[in-house]
Number of protein chains: 2
Amino acid sequence: MTSVTTRDACGELEMANGDFVRQLLDRVGDKWTVLVVANLKQGPRRYSGLQQILPGISQRMLTLTLRQLGQDGLITRTAYGEVPPRVEYTLTPLGQSFLGIATSLVEWASAHSAEITRNRAQASDDRD
Amino acid sequence: MTSVTTRDACGELEMANGDFVRQLLDRVGDKWTVLVVANLKQGPRRYSGLQQILPGISQRMLTLTLRQLGQDGLITRTAYGEVPPRVEYTLTPLGQSFLGIATSLVEWASAHSAEITRNRAQASDDRD
DNA sequence: CCGCATCCTTCAAGATACTG
DNA sequence: CAGTATCTTGAAGGATGCGG
């Protein structure tokens with residue numbers, strides 16, 4: 001315990017690094033981060049490759065997402081000095097680690113989707 | 001495999017139930033869901049109790065968050081016919097399961113916060 | 001005490017056009 | 001090919017006042 005402003009108003013989840021937790025949650029929640037990381041699972045990909053594979057991402061969002069992932073050290077950017085230009089993005093070990101927890105989230109969602117659907121139907125029945 | 005529109009453009013993460021995955025990711029990313037669930041960990045809580053404990057949540061957001069969690073079946077709402085009114089919210093087993101993955105996210109964030117901070121510092125150095 | 005309804009602000013993300 | 005630079009918008013979230 002290295003004495004970081006331990007304002008624990010919130011169970012144990014926000015013990016320390018409340019800001020980091022918030023940031024990670026935001027990343028997970030934003031529209032493209034998880035999908036981009038997922039598509040780097042099987043190896044390096046080029047900018048245009050990602051753009052083709054991701055359903056309807058704009059250049060702007062792809063660039064922003066990649067930049068952020070790069071700054072956080074989840075991916076590396078490699079530009080080859082060629083004409084025409086070629087840039088590849090690759091998961092770092094940290095990125096693969098992130099992909100791990102993201103995957104567990106996705107698996108949880110899949111595992112419980114039926115149950116949640118039932119619950120929602122039930123709720124709307126009760127309303128009537 | 002029960003034949004759900006398997007549009008897999010996105011690695012394996014979006015195989016089926018792409019919508020559910022998206023929804024879960026959104027929930028995780030929104031501002032209060034995870035915190036509310038976290039604060040129900042140690043037992044039932046009242047509306048006003050949650051409001052006191054959560055740092056700066058508005059009534060509106062608390063109500064919306066609780067309602068959504070209720071519809072999805074992650075929490076139950078119990079109103080006691082008393083004066084003054086008393087309402088308790090409790091995690092369901094499904095909710096506890098959700099808390100499990102949320103906790104693993106938080107732990108990942110804590111475990112790698114230092115590394116990510118270093119990466120960001122490095123990135124801003126390289127920029128100069 | 002426990003909410004609902006309304007208005008308002010802010011910001012993530014899309015559309016579009018242009019550059020090295 | 002791999003971005004950057006603006007403009008715009010939709011929805012999330014905050015503030016506030018009222019109702020059962």
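Convention: sequence-line order gives letters A, B, ...; per-chain numbering from 1.
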Side-chain N,O (B/Ser48) to OP1/OP2 (C/dC1) below 4.0 Å: no

A/Arg60 side chain near C/dA13 phosphate (N/O to OP1/OP2, under 4.0 Å): no

Name of the residue among A/Leu69, A/Val37, A/Asp72, A/Leu74 meeting side chain to side chain contact (heavy atoms under 4.5 Å, CB included) with A/Arg27: A/Asp72

Rounded distance in Å - CZ (A/Arg27) to P (C/dA12): 10 Å

Distance below 4.0 Å between B/Tyr47 side-chain N/O and C/dC4 OP1 or OP2: no

d(CG, B/Leu66; P, D/dG13) in whole Å: 14 Å

Which nucleotide in D/dA2, C/dG14, C/dC2 has an atom nearest any side-chain atom of A/Arg46: D/dA2

Option passing side chain to side chain contact (heavy atoms under 4.5 Å, CB included) with B/Ile75 (candidates B/Thr65, B/Leu94, B/Thr90, B/Leu66): B/Leu66

Sugar-phosphate only, base, or nothing, as touched by A/Tyr89 at under 4.0 Å among non-hydrogen atoms: sugar-phosphate

Whole angstrom value for the distance that separates P of D/dT4 from CG of A/Leu62: 11 Å

Nearest-neighbour nucleotide for the B/Pro84 side chain, C/dC1, C/dA17, D/dC1 considered: C/dC1

Between D/dA11 (C1') and B/Gln68 (CD): distance, integer Å: 13 Å

Between B/Glu88 and B/Tyr80, a side-chain donor and acceptor under 3.5 Å: yes

5'-most by nearest nucleotide on DNA chain C - B/Leu64 or A/Asp30: B/Leu64

Candidates D/dT4, D/dG20, D/dC1 - which lies nearest the side chain of B/Pro85: D/dG20

Distance, rounded to the nearest Å, where B/Met61 contributes CE and D/dA11 contributes P: 15 Å

Atom-to-atom span, CG of A/Leu54 to C1' of C/dA13 - whole angstrom: 15 Å

Contact nearer the 5' end of DNA chain D, comparing B/Gln59 with A/Gly49: A/Gly49

Sugar-phosphate only, base, or nothing, as touched by B/Thr63 at under 4.0 Å among non-hydrogen atoms: sugar-phosphate

Sugar-phosphate, base or nothing in reach of A/Arg86, heavy atoms under 4.0 Å: sugar-phosphate

Min side-chain heavy-atom separation B/Phe20-A/Thr117 under 4.5 Å: yes

Audit row: A/Leu24, A/Phe98, side chain to side chain contact (heavy atoms under 4.5 Å, CB included) steps and yes/no: CA-CA 10 Å; A/Leu24 174 70; A/Phe98 176 80; 3.6 Å; yes

Below 4.0 Å: OP1/OP2 of C/dA13 and any side-chain N or O of A/Ser58: no

Given D/dC1, C/dC4, C/dC1, the nucleotide with the shortest approach to the side chain of B/Arg67: C/dC4

Interatomic distance, A/Ile57 CD1 vs C/dG14 P [rounded to whole Å]: 8 Å

Nearest-Å distance for atom pair CD/P, residues B/Gln23 and D/dA12: 12 Å

Closest-nucleotide ordering on DNA chain D, the 5'-leading residue of A/Gln52 and B/Lys31: A/Gln52

Rounded distance [0.5 Å steps], CG in A/Asp30 versus CG in A/Leu25: 11.5 Å

